[in-house]
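Reading through the structure tokens given below for one structure.
Indexing begins at 1, ligand by ligand and atom by atom, following the structure's order.
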Amino acid sequence: MKRILVTGAAGQLGSELVPALRGRYGNENVVAAWRSSPLTGEVADTGPATQVDVTEPGSVDRAIRDYGIDSLYHLGSLLSVAAEANRSLSHLVNINGLLNVLEAASGAGLERVVIPSSIAAFGLDTPHDNTPNETLQRPTSLYGIAKVFGELMGNYFFERTGLDVRGVRLPGVVSWKVEPGGGTTDYAVDAFYGAIREGRYTCYLRPGTYLPMMYVPDAIKALIEIAEADIANLKRHADYNVNSMSFEPEELAAAIRRRVPGFAMDYDIDPLRQYIADSWPNSLDDTVARQEWGWRPDYGLADMVDDMYENLSRKLAQ
Ligand code: AKB
């Protein structure tokens with residue numbers, strides 16, 4: 001991996017993955033790709049950036065050719081709620097876009113492609129506690145259906161074309177640099193903004209809604225470690241469970257209260273987001289990732305809350 005293209009570089013994950021990759025591979029060697037609005041801030045200032053529209057066949061090929069790319073992280077996607085709000089755009093981006101990326105990568109003979117999957121790849125029929133890596137997957141959200149498509153296409157391209165496609169099933173990601181948008185798990189980030197700005201937050205998920213969650217440094221670590229893992233140790237391709245913590249809204253509120261005494265969480269349930277959350281696991285069994293490539297998260301709930309609180313307070317005070 002010497003010249004890396006990252007799609008979705010402006011997003012919640014991309015804005016943290018690009019600087020981490022630039023730190024490892026050199027600023028000039030990590031190309032940040034944006035789709036609709038040019039990048040700003042750290043990602044724009046520290047290295048090359050280009051427009052790539054994954055829904056347009058040829059756009060990814062051009063970027064690969066122009067920048068001499070040998071590896072690619074494909075992060076550009078519409079998250080669960082955004083996908084339900086616009087089914088045809090979600091199909092274009094999450095299904096056609098993914099296929100365009102794989103075809104371009106395979107056609108150009110790239111060394112490696114990393115495509116994150118998600119807890120959304122599971123469904124109501126999946127065992128919800130300690131969900132195994134290998135289990136029944138019958139997602140009911142469009143986003144989840146696209147994630148299963150991505151996992152299966154990763155296997156297909158590996159077997160049929162030799163393209164080395166890798167990926168992890170990420171939990172909901174908690175981060176402070178860029179606000180997430182269009183996801184079901186976003187409440188866990190929004191709650192910090194509410195706590196710091198107003199000392200209160202109205203949650204759109206019911207108390208008791210457990211979901212697997214991960215602090216962003218662990219998500220970035222998982223994406224880099226799976227990309228760099230020795231292929232001789234990998235028995236799977238694009239579908240490794242990675243777990244770090246699970247909580248429900250009341251537990252998050254209690255943990256935030258340690259830093260914001262008096263923080264109040266009340267509830268106004270959004271039926272769509274509750275329906276999606278109810279179909280996702282409570283926690284993941286990530287034994288396979290631990291055994292095959294040494295996965296181990298660094299953050300639990302208390303450490304995550306402390307770090308989020310410090311960083312977000314500093315950012316909002318500027
Ligand atoms: C979402 O909520 O849609 C995402 C995810 C769990 O993949 N954060």
Side-chain angles (χ1 to χ4, degrees), residues 7-8 10-17 73-87 89-91 93-95 97-98 114-124 126 128 131 137 139-151 167-193 203-206 209-220 222-223 226 238-249 252 269-284 286 297 304 308:
T7 71
Q12 186 195 19
L13 283 174
S15 58
E16 308 234 10
L17 180 67
Y73 278 87
H74 177 43
L75 306 182
S77 78
L78 253 65
L79 297 186
S80 53
V81 179
E84 298 298 324
N86 192 337
R87 282 198 283 268
L89 183 63
S90 132
H91 190 90
V93 175
N94 293 352
I95 302 278
L98 182 117
V114 178
I115 303 178
S117 184
S118 158
I119 52 170
F122 298 114
L124 276 168
T126 304
H128 273 40
T131 303
Q137 288 177 266
T140 48
S141 70
L142 280 182
Y143 174 67
I145 292 167
K147 286 301 182 192
V148 173
F149 175 76
E151 292 181 0
V168 291
R169 291 179 179 138
L170 287 176
V173 174
V174 179
S175 69
W176 57 272
K177 280 192 187 165
V178 169
E179 278 186 75
T184 301
T185 58
D186 297 357
Y187 91 86
V189 177
D190 301 342
F192 284 91
Y193 280 85
C203 183
Y204 54 73
L205 294 181
R206 217 182 282 123
T209 308
Y210 270 93
L211 286 166
M213 295 282 186
M214 185 173 279
Y215 194 32
V216 71
D218 276 333
I220 300 306
L223 290 170
I226 186 62
D239 59 359
Y240 283 95
N241 282 2
V242 285
N243 197 54
S244 67
M245 66 185 94
S246 289
F247 53 77
E248 50 93 33
L252 179 63
I269 310 309
D270 171 37
L272 172 63
R273 286 182 281 195
Q274 188 65 53
Y275 167 78
I276 295 173
D278 287 344
S279 74
W280 291 353
N282 300 333
S283 57
L284 301 179
D286 59 5
M304 180 273 280
M308 263 301 276

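In summary, the atoms of ligand 1 found under 4.0 Å from a heavy atom of Leu79, numbered by their order in the structure, are 3 (O). Close contacts between ligand 1 and Trp280 involve ligand atoms 1 (C), 2 (O), 3 (O), 6 (C) [criterion: under 4.0 Å to a heavy atom]. Near Tyr143, meaning under 4.0 Å from any of its heavy atoms, are these atoms of ligand 1: 3 (O), 5 (C), 7 (O). Near Gly183, meaning under 4.0 Å from any of its heavy atoms, are these atoms of ligand 1: 1 (C), 2 (O), 3 (O). Taking a cut-off of under 4.0 Å to the non-hydrogen atoms of Ser80, the atoms of ligand 1 that pass are 1 (C), 2 (O), 3 (O). In the vicinity of Thr184, heavy-atom distances shorter than 4.0 Å reach the ligand 1 atoms 1 (C), 2 (O), 3 (O). Here is the list of ligand 1 atoms found below 4.0 Å of a heavy atom in Ser118: 5 (C), 6 (C), 7 (O).
With respect to Glu151 and Arg169, a salt bridge is recorded, a charged nitrogen being found less than 4.0 Å from a carboxylate O.
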Inset, instruction - Given side-chain hydrogen bond (donor to acceptor under 3.5 Å, both in side chains), test Glu248 with Thr209 step by step and report yes or no. - result: CA-CA 5 Å; Glu248 50 93 33; Thr209 308; over 6 Å; no
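A donor-acceptor pair under 3.5 Å links the side-chain atoms of Asn94 to the main chain of Leu78, judged by distance alone. Between the Lys147 side chain and the Pro139 main chain, no donor and acceptor come within less than 3.5 Å of each other. A side-chain donor-acceptor contact under 3.5 Å links Thr7 to the backbone of Leu75.
No side-chain donor-acceptor contact under 3.5 Å links Thr131 and Thr126. Side-chain N/O atoms of Asp278 and Gln274 include a donor and acceptor closer than 3.5 Å.
Scanning the protein heavy atoms around atom 8 (N) of ligand 1, the nearest turns out to be Thr185 OG1, 2.9 Å.
Distances from ligand 1 to the non-hydrogen atoms of Ile119 include at least one value under 4.0 Å.
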